[in-house]
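Nothing here was measured: the structure is a model prediction, and the numbers come from that model. By convention in this document, chain letters (A, B, ...) are assigned in the order of the sequence lines, proteins followed by strands, and residues within each chain are numbered from 1.
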There are 2 protein chains.
Amino acid sequence: MQDMRIGELAARAHVSTRALRYYEEQGILHSERTPSGQRVYGEAAVERVRLIQHLFSAGLASRTIALILPCVDTGHAPPEMLSSLHTERDRITSVIADLEQARQRLDQVIELTEHPDPEHCAIVRDAAGRTTAIAGAAA
Amino acid sequence: MQDMRIGELAARAHVSTRALRYYEEQGILHSERTPSGQRVYGEAAVERVRLIQHLFSAGLASRTIALILPCVDTGHAPPEMLSSLHTERDRITSVIADLEQARQRLDQVIELTEHPDPEHCAIVRDAAGRTTAIAGAAA
DNA sequence: TGGCGACTTGCCCTTGACGTCAACGTGAGG
DNA sequence: CCTCACGTTGACGTCAAGGGCAAGTCGCCA
């Protein structure tokens with residue numbers, strides 16, 4: 001397992017070096033150091049950074065990530081952390097529900113626009129003027 | 001349909017009045033005004049604000065929301081907006097996938113901590129090993 | 001009419017996740 | 001030895017999503 005320094009990791013995980021230092025600052029990414037202080041990472045760090053990115057993009061805060069990552073690593077949690085884990089799990093579940101609802105609405109719009117149902121043509125055409133008016137005003 | 005002012009809407013939708021004014025500023029929530037300038041909302045605004053909140057909590061930016069809300073309202077989109085809608089939809093889909101993966105990891109941890117059954121332990125351990133290998137096996 | 005709470009706009013403050021710039025150390029090649 | 005890309009920490013900038021305060025206005029009730 002050949003090690004890499006921060007620049008290579010950043011390139012391979014498609015994040016900035018700044019982000020990597022920030023993750024370390026937040027305690028969610030660890031590094032070895034050369035005697036001179038340069039950060040050194042193993043292969044595994046690439047996937048780890050991607051995981052971190054996914055969690056961020058899913059709306060989790062760095063503190064939350066810092067909380068759950070060690071548990072995911074070890075595969076278990078100290079019992080006193082269970083309630084936080086349940087809370088986080090429930091939050092994730094409700095966010096998923098929100099997202100699915102939002103996606104469903106989007107799908108409806110897309111479907112109707114791509115395959116305008118003849119029955120609703122009149123309605124759609126009527127609404128078209130208003131929408132572009134709104135879109136134009138908003139833009 | 002009796003109307004309400006900003007304070008009541010805020011209370012009923014469980015957001016701050018500041019947030020409501022911010023939504024209006026961002027063009028994602030509209031209001032009528034009294035001759036003196038006070039904001040007036042109809043019943044429907046309550047559900048609209050909740051929808052907005054859901055979209056926010058799902059990680060969508062106000063600009064994105066401003067983009068898709070009119071389409072959701074009218075049930076269709078101007079064709080030139082279709083690609084943006086597809087992009088947003090795909091983003092949402094991948095975020096959902098990330099979240100489900102994260103939740104699954106959490107579930108493993110919770111399960112293992114709540115029921116440290118030796119037999120399951122091995123199985124879950126193995127599964128956890130593989131997933132964290134994907135994520136980057138620490139240690 | 002006076003009072004009082006809810007409302008208005010305007011402005012700066014805060015937090016999180018970085019970007020960016022400064023000033024300096026590191027290390028492999030010519 | 002010099003260079004030059006890459007690394008380091010520290011400090012400040014930015015952008016979104018509001019929070020909070022100020023100073024003035026509205027509307028309703030005694």
Quiz item: How many Å lie between CG on B/L55 and P on D/dG18, as a whole number?
Solution: 12 Å
Practice problem: Could you tell me the separation between the CD1 atom of B/I28 and the P atom of D/dA17, rounded to a whole number of Å? | Solution: 8 Å
Quiz prompt | Interatomic distance where CZ belongs to B/R33 and C1' belongs to D/dG27 [whole Å] | solution = 17 Å
Exercise. Give the rounded distance in Å between these two atoms: CD1 of B/I6 and C1' of C/dT8.
Key: 9 Å
Exercise. Tell me whether the OP1 or OP2 atom of C/dG5 has a side-chain N or O from B/R5 closer than 4.0 Å.
Key: no
Self-check item: Candidates D/dA16, D/dC26, D/dG19 - which lies nearest the side chain of B/Y22
Solution: D/dA16
Quiz item: Does B/T17 use its side chain to pair, donor to acceptor, with the backbone of B/I6 at less than 3.5 Å?
Solution: no
Quiz item: In whole Å, what is the span from the CD atom of A/E32 to the P atom of D/dG7?
Solution: 17 Å
Quiz item: Heavy atoms, side chains only, cut-off 4.5 Å: are A/Y41 and A/L29 in contact?
Solution: yes
Self-check item: A/S62 side-chain N/O to C/dA17 phosphate OP1/OP2 under 4.0 Å
Solution: yes
Quiz prompt | Sugar-phosphate, base or nothing in reach of A/S16, heavy atoms under 4.0 Å | solution = sugar-phosphate
Self-check item: Side chains of A/H76 and A/M81 in contact at under 4.5 Å (non-hydrogen atoms)
Solution: no
Quiz prompt | Whole-Å gap separating P (C/dG5) and CD (B/E8) | solution = 19 Å
Quiz item: How long is the line joining CD of A/E25 and P of C/dA17, in whole Å?
Solution: 11 Å
Quiz item: At under 4.0 Å, does any side-chain N or O of B/T34 touch on OP1 or OP2 of D/dC26?
Solution: no
Quiz item: Closest heavy-atom contact between B/S84 and B/L67?
Solution: CB-CD2, 4.0 Å
Exercise. Might you point out which heavy atoms bring A/R5 and A/Q38 nearest each other, and give the distance in Å?
Key: NH1-OE1, 3.0 Å
Self-check item: OP1 or OP2 of C/dT15 under 4.0 Å from side-chain N/O of A/R63
Solution: no
Practice problem: Give the nucleotide from the list C/dT20, C/dA17, D/dA17 with an atom nearest to the side chain of A/R18. | Solution: C/dT20
Quiz item: Atom CG of A/L29 and atom C1' of C/dC18: how far apart are they, to the nearest Å?
Solution: 15 Å
Self-check item: Nearest to side-chain heavy atoms of B/R39, which nucleotide of D/dT9, C/dT8, D/dA17
Solution: C/dT8
Practice problem: Would you kindly check whether a donor in the side chain of B/R21 faces an acceptor in the base of D/dG18, or vice versa, at under 3.5 angstrom? | Solution: no
Exercise. Would you indicate, yes or no, if C/dC7 has its OP1 or OP2 atom less than 4.0 angstrom from a side-chain nitrogen or oxygen of B/S36?
Key: no
